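Please find one structure pasted underneath; my questions will follow.
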Amino acid sequence: MDQSPLVQWQDMAEDCANKSADLVGASPSEIVYMSTLTVNLHMMMASFYKPDSKRHKVILEWKPFPSDHYAIESQIVWHGLNPEESMIKIEPDDNYLIPTEKVLATIDAHADSTALILLPGIQYWSGQLFDIPRITAYAKERGIVVGWDLAHAAGNVELKLHDWDVDFACWCTYKYINAGPGATAGAFVHERYGKVDFVDNSESPTYRPRLSGWYGGDKRVRFNMANTFVPTPGAAGYQVSNPSALDLASVAAALSIFNKTSMRDLRSKALVLTAYAEHLLDQINAETDAAKPFFKIITPRDPAQRGTQLSVLLREGLLDDIAQALEQNGVMCDKRKPDVLRVAPVPLYSRFEDVWKFMQILRGALGL
Ligand SMILES: Cc1ncc(COP(=O)(O)O)c(C=O)c1O
């Protein structure tokens, strides 16, 4: 037992939070591991999306991951509102990207009637990294609650959620964090919403309203089985149920690898690795008929506006054959129908040589 890298099972979620401070740029008390991503988006919206007759809108982007779209839409309907009136979708420019100025202009256009803005840190399809600090500050100055879905950003780019004053954020652990499909997800709740005050020594504390369950209750009294809910201070007080120890073991293992390095170091390798992949992709296109290129990289060319992922928009009809050829050569590469291949060289385990090998296989698949 002494040699186990795991902590006692009641402390496992907290251990994962402790291991995530650098990952998301927050204090461990602002981080909680619980449930899965969409469930956590709902849990956060239950506490943070408080529509009233004046402010009822949610600003999102044109092509969110469908689960995020459903979550937002269903929250609006749950509050008895009409998604046609309360969902504001920011459309991209012709290049599939959404300039920050457009986000800010949308905030301005709906400033008085918006309750919440919920955007992806990195857009899963285009790979665009949003300007989280600027958008957060701009929306908050106008009284709008700001949440981020960091599914494709956590473990990929540097984040400073506390300093950026984000209200809440959610992420899964089965992309860049490598904890395995369906593993326990993470959430950030800014410290100001985690306060638990015992006014005049009363036994019933005041705290931000949320959907509660016994695992959000303070560990010291959790097993007293009393019906006065005393939340754990911080993000941990937003837990509901007893988490799966097996799932948390895989999250803890995955995070312990991140703790051997830093997001700053990973990011600095990622910048070069992705630039190398971009260079080799451009070379392929340079060798083909300029009027009929095989593909177009739709992810921003500016490294500050992307993570490791390059979204390669293939010429119509190529995706299935290319994906099959890649797979036959041992490359597992994500495809998003109808035409996008997401190429993401991950600094934790991809080498420059892997990027080069991938390009040789891609060339073969394209008949070059
Ligand atoms: C951006 C985004 N949102 C939501 C989800 C759904 O996650 P979950 O099945 O854990 O709810 C995913 C999963 O890939 C995702 O990438």
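All values below were derived from every heavy atom in this structure, side-chain atoms included, with hydrogens, water molecules and symmetry-related copies excluded. Predicted model only: the values in this text are computed from it and were never measured. Whatever order the structure lists them in is the order used to number ligands and atoms, beginning at 1.
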* To do: Run the numbers for me: atoms of ligand 1, each under 4.0 Å from some heavy atom of T36, listed by number.
  => 10 (O)

* Asked: Parallel, tilted or perpendicular for F48 and Y193, by the 30°/60° rule?
  -> perpendicular

* Among protein heavy atoms, which lies nearest atom 13 (C) of ligand 1, and at what distance? -> K175 NZ, 3.1 Å

* Structure fact -> Per-atom filter on ligand 1: closer than 4.0 angstrom to a heavy atom of Y174 are 6 (C), 7 (O), 8 (P), 9 (O), 10 (O), 13 (C)

* Structure fact -> Within the 4.0 Å heavy-atom cut-off, what L41 brings close to ligand 1 is neither

* **Heavy-atom nearest neighbour in the protein, as seen from atom 16 (O) of ligand 1, with distance rounded to 0.1 Å** => H152 NE2, 2.8 Å

* To do: May I ask you to decide if E91's main-chain N or O and K102's side chain share a donor-acceptor pair within less than 3.5 Å?
  => yes

* Do the two ring centres, one from Y238 and one from F168, sit under 6.0 Å apart? -> no

* Asked: Do any nitrogen or oxygen atoms of Y124 come within less than 3.5 Å of a nitrogen or oxygen of ligand 1?
  -> no

* Is the centre of the F188 ring less than 6.0 Å from the centre of the W164 ring? -> no

* Looking at K57 and D112, does any basic side-chain N land under 4.0 Å from a carboxylate oxygen? -> no

* Asked: Hey, what's the ring geometry for W62 with Y96, parallel, tilted or perpendicular (30° and 60° as the breaks)?
  -> parallel

* Asked: Taking non-hydrogen atoms only, is F65 closer than 4.0 angstrom to ligand 1 via side chain, backbone, both or neither?
  -> side chain

* To do: Flag A151 as yes when one of its N or O atoms lies below 3.5 Å from any N or O atom of ligand 1, and as no otherwise.
  => no

* **Heavy-atom nearest option to atom 3 (N) of ligand 1, drawn from I122, D68, L150** => D68

* To do: Indicate yes or no: at least one non-hydrogen side-chain atom of R267 is less than 4.5 angstrom from one of V157.
  => yes

* State whether the shortest distance between N or O atoms of T38 and N or O atoms of ligand 1 falls below 3.5 angstrom. => yes

